[in-house]
Colleague: 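Take this structure, written in C-alpha cells, and hold onto it; I'll ask about it next.
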Amino acid sequence: MNEFDERIYKLALLVPKGNVASYGQLAAMAGKPQNSRAVGRAMKNAPSGHDIPCHRVVNQNGEIAPSHVFESKKHQRAMLEAEGVVFKSNGKIDMKKSQWKPL
DNA sequence: CACATGACGCAAC
DNA sequence: GGTTGCGCCATGT
C-alpha cells in the first residue's frame, strides 16, 4: 500500500458521521491536490475490514459513485441520510451543509 | 514501452 | 448552471 493511499484511508476514517469529504479534498490533504483520481482509485482498491466509510467520500458535485461501486446508489444514499448527511431534492448531497470541514 | 480508461477537479464556453 | 475539454496519476492491455 502506498503512503498516499494510506493517508486517504486515514482521512476517510477521520470524516465524522453526518459529513462527507470530496475526493479532491482528501487528495489535497494527502498532499496532492491534482491527484483526485488516485483517491477514487484508492477507495476502489480500499481494503475491506478497515471500517473505511468510503460512502462518505463523494465527488465535488455531491454525487456518489455510479452504482456498481457499492451495492447501489440508493443504499448508499440511505446510509448517508441515516448518518445525518443532508440530501437535496435532486438526490445529491448538500455539500454546503454536509461537506466535512477539517479543523 | 505506448495507448486507453477511470469512485475526479477545475477552467472555459 | 449544464456541458466540454484538458490535466494528473495509477492500472491494465
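In what follows, every chain begins at residue 1, and chains take the letters A, B, ... in the order their sequences are listed.
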Colleague: Does a salt bridge link A:R56 with A:E83, judged by any charged N lying under 4.0 Å from a carboxylate O?
Modeller: yes

Colleague: Does the protein touch nucleotides 5-11 of chain C at the base, only the backbone, or not at all? Give it as B, S and - per nucleotide, heavy atoms under 4.0 Å.
Modeller: --BBSSS

Colleague: May I ask you to say what A:F4 touches in the nucleic acid, namely base, sugar-phosphate or nothing, with a heavy-atom cut-off under 4.0 Å?
Modeller: nothing

Colleague: Checking the side chain of A:Q34 only, and the main-chain atoms of A:G24 only, is there a donor and an acceptor separated by less than 3.5 Å?
Modeller: no

Colleague: Are side-chain heavy atoms of A:Q60 and A:Q99 found at a separation under 4.5 Å?
Modeller: yes

Colleague: Can you tell me how far apart CG (A:L26) and NZ (A:K32) are? Round to the nearest 0.5 Å.
Modeller: 15.0 Å

Colleague: Using 0.5 Å steps for rounding, measure from the OG atom of A:S22 to the CE atom of A:M29.
Modeller: 7.5 Å

Colleague: Using atom CG of A:N90 as one end and atom P of C:dG1 as the other, report the distance to the nearest whole Å.
Modeller: 11 Å

Colleague: Walking along DNA chain B from 5' to 3', note the first and the last nucleotide with an atom under 4.0 Å from a heavy atom of chain A, and give both.
Modeller: B:dG6 to B:dC10

Colleague: What distance do A:N2 atom CG and A:R41 atom CZ have between them, rounded to the nearest 0.5 Å?
Modeller: 6.5 Å

Colleague: Out of curiosity, A:N90 CG to A:E63 CD, how far, rounded to the nearest 0.5 Å?
Modeller: 8.0 Å

Colleague: Dump the intermediate steps for salt bridge (Lys or Arg N to Asp or Glu O under 4.0 Å) on A:E3 and A:R7, then the final yes or no.
Modeller: CA-CA 6 Å; A:E3 210 173 274; A:R7 279 183 184 170; 3.5 Å; yes

